[in-house]
Amino acid sequence: MSETTPLLQTGAAQQGVSRQTLSELADAMSDAPAPIYQRVKQAIISQIRTGVWKPHQRVPSESELVNELGVSRMTINRALRELTSEGFLIRMQGVGTFVAEAKAYTPMLEVHNIADEIARRGHQHDSKILVCEARLADADQALQLGIATGSLLFYSQIVHYENNVPVQIEDRFVNPETAPDYLQQVLNKQSPYTYLMDIAPLTAGEHRVEAISASDEQRQLLQLKEHEPCLLIHRRTWSGSRVVTSARLIYPGSRYQLFGRFTSHG
């Protein structure tokens, strides 16, 4: 016997967007000059991101959207197809179109506490310390921290969980001169972010991102399927002229996305 489709296992999946909510969609459409299908897309994305359209809710049919917005079926079809390919919607043959479960995300151009990010999503954060020790820096680690090869450094490996699902492996190397009590604070369950920001306030940072194939250990820690890719952020932070920490943050590619926003100063 085949398994029930996950979207149909909850009461929310049986409920569609209400008539009142549908009528608000037209109000959410921007008047900015843009192709109509783009304006439809942005209006729907706005409804999803503000929680008006909730995960697993059935989306109005193309006919309903055509009637409500007064645009062509071709326009609606293109908007829904692109929203599906971008991960905002899920289309199920013979069943309908539903709001997708939102991927968790981490800001690309900022540094935040992952526990706070998870809390802002209304979810529960937990963590498991796998390694927390002092060791001698090899040549690459010394270069990253701006210290001499063979110098003492602190290392921690922590797995972070969101609602009991692993979402990040945090491999972190710390300069003891800037954070002398790091190991003890981590063992006392204070988050690395909180302690480091208190003892050595961030003045600069750098990010480097790449897609990687998970090792067997990483796949086990993140509960990944075979060949499932990961996102890796290499992050270094400074306090004044000193490097405080160099970290490798590994996320499951299927459950996470990176987000960044910038403004032009030209």
Side-chain angles (χ1 to χ4, degrees), residues 104-210 217-218 221-222 230-252 255-260:
Y105 71 89
T106 194
M108 182 58 221
L109 305 178
E110 303 171 14
V111 176
H112 291 294
N113 187 356
I114 188 171
D116 294 339
E117 292 177 13
I118 290 171
R120 281 195 292 271
R121 293 192 283 271
H123 294 169
Q124 181 69 38
H125 170 265
D126 198 5
S127 63
K128 181 178 181 181
I129 302 170
L130 302 181
V131 182
C132 188
E133 64 184 19
R135 58 172 63 171
L136 300 181
D138 64 23
D140 182 63
Q141 294 158 2
L143 179 64
Q144 292 297 313
L145 290 177
I147 59 178
T149 301
S151 297
L152 190 71
L153 60 73
F154 296 148
Y155 171 70
S156 63
Q157 184 181 59
I158 302 172
V159 180
H160 294 275
Y161 299 82
E162 182 167 351
N163 288 350
N164 298 316
V165 177
V167 294
Q168 185 198 85
I169 300 172
E170 174 190 329
D171 285 320
R172 185 178 296 277
F173 298 92
V174 176
N175 185 345
E177 292 186 6
T178 58
D181 296 324
Y182 177 77
L183 297 181
Q184 189 59 49
Q185 294 299 320
V186 170
L187 289 172
N188 288 339
K189 298 293 284 185
Q190 184 173 18
S191 78
Y193 173 90
T194 302
Y195 169 67
L196 292 171
M197 289 297 285
D198 285 345
I199 196 71
L202 173 69
T203 58
E206 69 177 21
H207 285 154
R208 181 162 53 88
V209 183
E210 61 180 303
E217 179 188 17
Q218 291 162 351
L221 291 175
L222 292 174
C230 292
L231 294 171
L232 168 60
I233 298 180
H234 300 267
R235 175 185 292 167
R236 284 200 300 169
T237 57
W238 282 259
S239 183
S241 61
R242 286 184 173 181
V243 178
V244 177
T245 178
S246 172
R248 285 167 41 95
L249 310 175
I250 303 171
Y251 300 87
R255 299 197 294 269
Y256 239 82
Q257 61 182 333
L258 303 176
F259 172 81

Side-chain heavy-atom pair [X], [Y] within 4.5 angstrom cut-off:
| X | Y | value |
| --- | --- | --- |
| Val174 | Leu196 | yes |
| Ile169 | Asp171 | yes |
| Leu153 | Leu136 | no |
| Lys189 | Ser127 | yes |
| Val244 | Thr237 | yes |

Quiz prompt | Shortest non-hydrogen contact between Pro166 and Pro252, atoms and distance | solution = O-CG, 4.1 Å
So, taking the atom named [atom1] in [X] and the one named [atom2] in [Y], what distance separates them when rounded to the nearest 0.5 Å?
| X | Y | atom1 | atom2 | value |
| --- | --- | --- | --- | --- |
| Tyr193 | Asn113 | OH | CG | 6.5 Å |
| Leu152 | Ile147 | CG | CD1 | 8.0 Å |
| Leu232 | Leu249 | CG | CG | 8.0 Å |
| Ser191 | Asp116 | OG | CG | 7.5 Å |
| Ile250 | Leu222 | CD1 | CG | 7.0 Å |
| Leu187 | Leu183 | CG | CG | 6.5 Å |

Is a side-chain donor-acceptor pair under 3.5 Å present for [Y] with [X]?
| X | Y | answer |
| --- | --- | --- |
| Tyr182 | Ser156 | yes |
| Tyr195 | Gln190 | no |
| Gln184 | Asn188 | yes |

Quiz item: Does the pair Thr178 and Arg242 meet the rule for a side-chain hydrogen bond (donor to acceptor under 3.5 Å, both in side chains), with working shown?
Solution: CA-CA 8 Å; Thr178 58; Arg242 286 184 173 181; over 6 Å; no
Quiz item: With sequence neighbours left out, which residue pairs that include part of residues 129-158 fulfil the salt bridge (charged side-chain N to carboxylate O under 4.0 Å, His left out) condition?
Solution: Glu133-Arg135
Practice problem: Decide yes or no on side chain to side chain contact (heavy atoms under 4.5 Å, CB included) for Asn175 and Val243, but give the supporting numbers first. | Solution: CA-CA 7 Å; Asn175 185 345; Val243 178; 5.6 Å; no
Practice problem: Carefully, step by step, assess Leu130 and Leu221 under the rule side chain to side chain contact (heavy atoms under 4.5 Å, CB included). | Solution: CA-CA 10 Å; Leu130 302 181; Leu221 291 175; 3.8 Å; yes
Exercise. Please step through side chain to side chain contact (heavy atoms under 4.5 Å, CB included) for the pair Met197 and Leu202, ending with a clear verdict.
Key: CA-CA 6 Å; Met197 289 297 285; Leu202 173 69; 3.7 Å; yes
Quiz item: Which residue pairs pass the ring-ring contact (aromatic ring centres under 6.0 Å, His included) test when at least one of the two sits in residues 136-167, sequence neighbours left out?
Solution: His125-His160, Tyr155-Phe173
Quiz item: With respect to His234, which candidate in His207, Gln144, Glu210 satisfies the side-chain hydrogen bond (donor to acceptor under 3.5 Å, both in side chains) definition?
Solution: Glu210
Quiz item: Does a sphere of radius 6.0 Å around CD in Glu206 hold more than 12 heavy atoms from other residues, nucleotides or ligands, not counting ones at 6.0 Å or beyond?
Solution: yes
Quiz item: Can you tell me if Asn163 uses its side chain to pair, donor with acceptor, with the backbone of His123 under 3.5 Å?
Solution: no
Practice problem: Indicate yes or no for a side-chain donor-acceptor contact from Ser246 to the backbone of Arg236 under 3.5 Å, with no hydrogens or angles considered. | Solution: no
